[in-house]
J.: 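Let me begin by handing over the structure; questions about it come next.
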Amino acid sequence: MSGTEYTTPVPVSDGPIVRTVDINKWFGDRHILTDVSLEIDRGEVVVLVGPSGAGKTTFLRTLNRLEPIDSGEIYVNGQRIGERTHENGTTSEISAKALARQRADIGFVFQHFNLFPHMTVLENIWHAPVRVKGEKKSEAVAYAEELLARIDLSDKADARPRSLSGGQQQRVAIARALAMRPALMLFDEPTSALDPEMVGEVLQVMQDLASAGMTMIIVSHEMGFTREVADRVIVMDEGAIIEQGDPELVFTNPRSERTKQFLSKIL
């Protein structure tokens with residue numbers, strides 16, 4: 001994908017593409033997210049790091065309402081996610097159909113690909129734009145073919161996902177998310193399920209996206225990749241943001257003692 005461009009939607013607003021206000025999430029008596037407030041600018045690449053159980057994946061999943069929140073506000077591309085505010089100041093849940101329209105603007109790449117096994121690679125990519133966004137099939141197929149070319153998998157268009165390597169499947173999952181022309185891409189440890197020799201090909205696709213200006217929020221343990229592509233690294237622990245800043249500064253001169261402890265085990 002190096003040196004190529006892809007279509008992104010016209011911004012809904014000129015402010016931060018992501019804004020969260022005091023997000024709280026409980027699982028039973030476990031406080032998973034505690035007053036998480038954050039703003040992310042358009043074109044920014046943000047990597048979330050921290051120990052297992054810090055709340056990184058849960059936070060990522062709240063951004064498109066895969067995980068409901070108990071309190072707080074989430075705005076993506078100028079829209080309040082999952083809720084509408086009424087004239088009297090109260091809020092209520094939006095319909096499933098309205099939520100699907102919001103999610104169409106947010107690409108999500110999971111750890112385990114989640115491709116449809118009964119569909120070909122090409123069908124996996126063009127299916128959602130036609131089914132969810134109502135695009136013409138001919139246009140969706142053409143864009144899907146373009147995306148496959150950019151991830152160097154044109155020769156796999158008619159293959160089933162099970163015949164692909166893990167790295168190839170993850171690249172197809174990225175292309176599938178891009179087919180919706182999202183304003184924001186979310187990645188939940190996209191290389192954690194891959195064999196080591198397959199990690200590089202997926203990180204290269206993500207690096208190309210970063211170079212092209214795609215806004216991305218990534219949960220990752222790949223510290224070398226984080227150093228290279230992230231505009232900002234955010235350290236989470238026990239459901240809260242404990243430190244954030246330029247990756248080089250955070251990694252070489254962390255302010256938080258907890259950050260120092262975490263980094264000493266992985267760097």
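In what follows, every heavy atom counts, from backbone to side chain, and hydrogens, waters and symmetry copies are set aside.
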J.: Using 0.5 Å steps for rounding, measure from the CG atom of Leu60 to the CG atom of Leu186.
T.: 4.5 Å
J.: Return yes if a side-chain donor-acceptor contact under 3.5 Å exists between Asn77 and Arg42, otherwise no.
T.: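 Yes - a donor-acceptor pair under 3.5 Å links their side chains.
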J.: Given the rule in the side chain to side chain contact (heavy atoms under 4.5 Å, CB included) test, do Val172 and Phe113 qualify, once you have shown the distances and angles that lead to the verdict?
T.: CA-CA 8 Å; Val172 172; Phe113 326 136; over 6 Å; no
J.: Other residues, nucleotides and ligands only: do more than 12 of their heavy atoms fall within 6.0 Å of CD on Glu67?
T.: yes
J.: Answer yes or no: does atom NZ of Lys260 have more than 12 heavy-atom neighbours from other residues, nucleotides or ligands under 6.0 Å?
T.: yes
J.: Working to the nearest 0.5 angstrom, can you tell me the gap between Gln170 CD and Phe110 CZ?
T.: 10.5 Å
J.: So which heavy atom on Lys133 is nearest to which on Arg181, and how close?
T.: NZ-CB, 4.4 Å
J.: Looking at Pro117, is its backbone amide N or carbonyl O close enough to the side chain of Arg160 to form a donor-acceptor pair, meaning the two atoms are under 3.5 Å apart?
T.: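 Flag not set: sc Arg160 to bb Pro117 has no pair under 3.5 Å.
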J.: Measure across Gly245 and Val250 and return the closest heavy-atom pair with its distance rounded to 0.1 Å.
T.: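 It is N-CG2, 3.7 Å.
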J.: Does Phe59 form a side chain to side chain contact (heavy atoms under 4.5 Å, CB included) with Thr20? I'd like the steps, not just the answer.
T.: CA-CA 10 Å; Phe59 175 67; Thr20 70; 3.9 Å; yes
J.: Using atom types as modelled and distance alone, determine if a side-chain donor or acceptor of Asp237 lies under 3.5 Å from a backbone N or O of Ala54.
T.: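 No, the answer is negative, given that no donor and acceptor are paired below the 3.5 Å cut-off.
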J.: Just by distance, with hydrogens left out, do Ser192 and His221 show a side-chain donor and acceptor under 3.5 Å apart?
T.: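 No donor-acceptor contact under 3.5 Å links the two side chains.
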J.: How far apart are the closest heavy atoms of Pro182 and Ala177, and which atoms are they?
T.: CD-O, 3.4 Å
J.: Identify whether Val219 and Val229 are in the same connected component of the hydrophobic contact network (ILVMFWY, side-chain heavy atoms under 4.5 Å).
T.: no
J.: Taking Leu164's backbone N and O only, do any of them form a donor-acceptor pair with Gln169's side chain (distance below 3.5 Å, no angle check)?
T.: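 A pair under 3.5 Å: yes.
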J.: Mind checking whether Arg258 and Val235 have side chains closer than 4.5 Å, heavy atoms only?
T.: no
J.: Determine whether a donor-acceptor pair (N or O, by modelled atom type, separation under 3.5 Å) exists between the side chain of Thr215 and the backbone of Gly43.
T.: yes
J.: Identify the heavy atoms of Glu243 and Asn253 that sit nearest to each other, and give their distance.
T.: OE2-O, 4.5 Å
J.: Got Thr226 and Phe251 here, is their nearest side-chain heavy-atom distance under 4.5 Å?
T.: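 SC-SC contact between Thr226 and Phe251 confirmed.
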J.: Any idea how His127 and Phe116 line up, ring-wise: parallel (<30°), tilted (30 to 60°), or perpendicular (>60°)?
T.: perpendicular
J.: How many angstroms lie between CZ in Arg255 and CD in Gln244, if you round to the nearest 0.5 Å?
T.: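 If I round to the nearest 0.5 Å, the distance is 8.5 Å.
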J.: Do Asp22 and Ser37 come close enough that some side-chain heavy atom pair is under 4.5 Å?
T.: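 Result yes, sub-4.5 Å side-chain heavy-atom pair found.
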J.: Mind running side chain to side chain contact (heavy atoms under 4.5 Å, CB included) on Arg232 and Leu38 for me, showing each step along the way?
T.: CA-CA 12 Å; Arg232 183 172 21 145; Leu38 181 65; 3.5 Å; yes
J.: Side chains of Ile174 and Met206: closer than 4.5 Å at any heavy-atom pair?
T.: yes
J.: Could you tell me which non-hydrogen atom of Val202 sits nearest to which non-hydrogen atom of Gly167, and how far apart they are?
T.: CG2-O, 3.7 Å
J.: Are Leu263 and Val46 joined in one hydrophobic group, where the rule is that I, L, V, M, F, W and Y side chains link up if heavy atoms are under 4.5 Å apart?
T.: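 No, Leu263 and Val46 fall in different hydrophobic clusters.
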J.: When you compare the side chain of Leu122 with that of Glu145, does any pair of heavy atoms fall below 4.5 Å?
T.: yes
J.: Find out if a path of hydrophobic residues (ILVMFWY) with successive side-chain heavy-atom gaps under 4.5 Å connects Tyr75 to Phe108.
T.: no
J.: Would you check if the side chain of Lys56 reaches a backbone N or O of Met236 as a donor-acceptor pair within less than 3.5 Å?
T.: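 Here the side-chain-to-backbone pair does not exist.
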J.: Can you name the closest pair of heavy atoms from Met198 and Gly166 and give their distance?
T.: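 The answer is SD-N, 3.6 Å.
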J.: CD of Glu228 to CZ of Phe225: how many Å apart, nearest 0.5 Å?
T.: 8.5 Å
J.: Looking at Glu197, is its backbone amide N or carbonyl O close enough to the side chain of Asp195 to form a donor-acceptor pair, meaning the two atoms are under 3.5 Å apart?
T.: no
J.: Does Ile106 share a hydrophobic cluster with Met216, counting links as ILVMFWY side-chain heavy atoms below 4.5 Å and allowing steps through other members?
T.: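 Different hydrophobic clusters.
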J.: With rounding to the nearest 0.5 Å, note down the distance linking CD in Glu123 to CG in Asp158.
T.: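 Answer rounded to 0.5 Å: 8.5 Å.
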J.: Check whether any side-chain heavy atom of Glu93 lies under 4.5 Å from a side-chain heavy atom of Pro68, and answer yes or no.
T.: no
J.: Given side chain to side chain contact (heavy atoms under 4.5 Å, CB included), test Leu209 with Leu178 step by step and report yes or no.
T.: CA-CA 10 Å; Leu209 288 175; Leu178 290 173; 3.7 Å; yes
J.: Under 4.5 Å between side-chain heavy atoms, hopping through other hydrophobics if needed: is there a path connecting Leu115 to Val141?
T.: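 Hydrophobic grouping puts Leu115 with Val141.
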J.: Judged by atom type as modelled, is there a donor-acceptor pair below 3.5 Å linking the side chain of Thr90 to the main-chain atoms of His86?
T.: no
J.: Hey, does the side chain of Glu44 reach the backbone of Asp231 with a donor-acceptor pair shorter than 3.5 angstrom?
T.: no
J.: Side-chain contact, heavy-atom cut-off 4.5 Å: Thr91 with Arg80?
T.: yes
J.: Rounded to the nearest 0.5 Å, what separation is found between the CD1 atom of Ile23 and the CD1 atom of Ile69?
T.: 4.0 Å
J.: Are Thr34 and Asn24 side-chain neighbours, meaning at least one heavy-atom pair lies under 4.5 Å?
T.: yes
J.: So, Ser95 side chain and Ala98 main chain: donor-acceptor pair closer than 3.5 Å or not?
T.: yes
J.: Going by the side chain to side chain contact (heavy atoms under 4.5 Å, CB included) test, name the single residue among Leu99, Val76, Ile94 that passes it with Arg65.
T.: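 Filter result, single survivor: Leu99.
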J.: Would you say Thr58's side chain and Gly55's backbone share a donor-acceptor pair under 3.5 angstrom?
T.: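 Judged by distance alone, no pair lies under 3.5 Å.
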